[in-house]
S.K.: 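Below is the structure I would like to discuss, written out as structure tokens.
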Amino acid sequence: MPATRKILAFDLGAESGRGVLGRFDGQRLMLQDVHRFPNTPAATLDTLHWDVLNLYNQMLAAMRKCAVEFGGVDSIGVDTWGVDFALLGRSGTLLGNPRHYRDPHTEGVMERAFEIVSKQELFKRTGIQFMRFNSLFQLIALQRDRSPFLDIAETLLFIPDLLHYFFTGIKVNEYTDASTSQMLDPVCRNWDFDLLAKFGLPTRMLGNIVPPGTELGPLRSKIASDTGLSPVPVIAPATHDTGSAVAAVPAKGKNWAFISSGTWSLMGAEIDSPLMNEEVRAANFTNEGGVDGTIRFLKNIAGLWLVQECRRAWERAGQEFSYDGLARLAEAAPPFVSVIDPDHTSFMLPASMPEAIGQFCRQSGQPAPVEPGAVVRCALESLALRYRWVLEKLESLLGRQLETIHIVGGGTQNILLCQLTADACNREILAGPVEATALGNVLLQAVGLKLLGSLEQAREVLRNSFDVHRYEPREPAKWEEPYQRFLRLLS
């Protein structure tokens, strides 16, 4: 029996971060929370930043716990959200806290970009869907605002690259996260330097791209001494959290779709090479880098951000709800009263999400939900309808039917949303594992440690280690009329 390896995965999301210890005996994998901490953005004047130094200190605290409570670890790796980056100056100096992707400075910047490079050419070169916070557009916004950081920056690191740099002193860009930037050629899997030159953006700050599972180097001796750990390998997993989550889909074969469900919903399929025709561009699908040479062909959807922001708004008003409590209220609310487009720009960063949902309903000639259960029911049904739209587009673009939808991530705990998705899409849903992102992180570190040799081996470990919950469609015909209403909202 091989010795059990202890692998520390840092999984940082938009709301919170955690250090998770994976115990892997060569056949089965178990997870244990080590340390959870909030990820609270900092607003200064009119700018929204990530507080990366606090996140780093929280990660050191998790390492100290591992040293004391578990006798150390065998490797460490970080995954986070995509697109956001830090700029480093001379000697690796951090040039300010990184901008948050919801910062308003990118409003209107895509139109500015398309005056230089057309949408058609930009998609043909990158294969990435158009979202105003893509890294390319963030850089163009800094250029427009004459940020001095662009003049003095020597290195661009995405958020997980930055944290790996803090741990090791090594500066690289991991492939799956870099692929979200809209600055990468998805065929040759390297920077499109000519594209950046067209925008007049500096290219000297772009680093070497490394694949997921790359051993970056040992933990710096000073950090090892401070935390009580040995200088263990720091391994880049699929550092974009969706890359790690999709790696942890316990699927077989090819005829399946995935939804990585959390603050965002990322819905798509795993394919072998980029798909970048005009129909794909018109549907605003994206080709992001995956594991083992795969492409994550998907579409971003607003996700449980709608419910999270409703909950925060009600808390500010003195009404406290658990997520389970909100789901129960939603289940008891009447169905199909009103529907919204979850991806409408009014839901990007509203002052009050319940008011934004009500306003959207009124403007589209529908009753505005008032009670929390009705608001959440409207949000969840609308998400399920959006999933159906994406599934239909996905099957059309791929030219084949996808028989099963795998849902992974924290959204699998929302039983109502899982059932609504099965009903709206008229597909079998296999939900789980909940901790997909952390699991994918651990498994890619195991690949880096040469404990596993392929993505299929990693998925076999998952199937041996975790159960999934099955949801079958119930009365899908009842969703036809609401879906037609939903389609009218998009036209």
S.K.: Can a donor-acceptor pair be found, under 3.5 Å and without considering hydrogens, that links the side chain of T168 to the backbone of I170?
M.R.: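 Side chain of T168 to backbone of I170: a pair is present.
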S.K.: Are a donor atom and an acceptor atom from the side chains of Y387 and S265 found within less than 3.5 Å of each other?
M.R.: yes
S.K.: Determine whether more than 12 heavy atoms belonging to other residues, nucleotides or ligands lie under 6.0 Å from atom CG of L60.
M.R.: yes
S.K.: Looking at R459 and E270, does any basic side-chain N land under 4.0 Å from a carboxylate oxygen?
M.R.: yes
S.K.: Identify whether the distance between the nearest side-chain nitrogen and carboxylate oxygen of R463 and E456 falls below 4.0 Å.
M.R.: yes
S.K.: Does a salt bridge link R125 with D194, judged by any charged N lying under 4.0 Å from a carboxylate O?
M.R.: yes
S.K.: Is there a donor-acceptor contact under 3.5 Å linking the side chains of Q138 and D103?
M.R.: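 Side-chain D/A pair, Q138 to D103: absent.
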S.K.: Any carboxylate oxygen within less than 4.0 angstrom of a Lys/Arg side-chain nitrogen, looking at R18 and E435?
M.R.: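 Yes, R18 and E435 are salt-bridged.
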S.K.: Can you confirm whether the side chains of Q308 and T263 place a donor and an acceptor under 3.5 Å from each other?
M.R.: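 Side chains of Q308 and T263: pair found under 3.5 Å.
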S.K.: Could you check whether R386 pairs with E381 (Lys NZ or Arg NE/NH1/NH2 to Asp/Glu carboxylate O, under 4.0 Å)?
M.R.: no
S.K.: Counting neighbours of CG on D467 that are heavy atoms of other residues, nucleotides or ligands and sit closer than 6.0 Å, is the number greater than 12?
M.R.: no
S.K.: With a 6.0 Å cut-off on the ring centroids, do H164 and F166 count as close?
M.R.: no
S.K.: Heavy-atom count around N426 CG within 6.0 Å, excluding the residue itself: above 12?
M.R.: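 Yes, CG of N426 has more than 12 neighbouring heavy atoms, counting only those of other groups under 6.0 Å.
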S.K.: I'd like to know if the side chain of N190 pairs up with that of D185 as donor and acceptor (distance under 3.5 Å, no hydrogens or angles considered).
M.R.: no
S.K.: Using a strict cut-off of less than 4.0 Å between a Lys/Arg side-chain nitrogen and an Asp/Glu carboxylate oxygen, indicate whether E395 and R427 qualify as a salt bridge.
M.R.: yes
S.K.: Rounded to the nearest 0.5 Å, how far apart are SG of C425 and CH2 of W389?
M.R.: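 These two atoms lie 13.0 Å from each other.
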S.K.: Is the shortest side-chain N to carboxylate O distance from E331 to R328 below 4.0 Å?
M.R.: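 Not counted as a salt bridge, because no side-chain N and carboxylate O are separated by less than 4.0 Å.
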S.K.: Say you draw a straight line from CD1 of I259 to CD1 of I429; how long is it, rounded to the nearest 0.5 Å?
M.R.: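 Reported to 0.5 Å precision, the distance equals 6.0 Å.
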S.K.: Could you check, using the six-membered ring where one of them is a Trp, whether W264 and F133 have ring centers closer than 6.0 angstrom?
M.R.: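 Ring-ring flag for W264/F133: true, centres closer than 6.0 Å.
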S.K.: Do side-chain atoms of R102 reach the backbone of M348 as a donor and acceptor pair under 3.5 angstrom?
M.R.: yes
S.K.: If you measure only the distance, is there a donor-acceptor pair under 3.5 Å linking the side chains of S75 and Q445?
M.R.: yes
S.K.: Does E121 come within less than 4.0 Å of K124, counting only side-chain N to carboxylate O?
M.R.: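 Salt bridge between E121 and K124, a charged N being under 4.0 Å from a carboxylate O: no.
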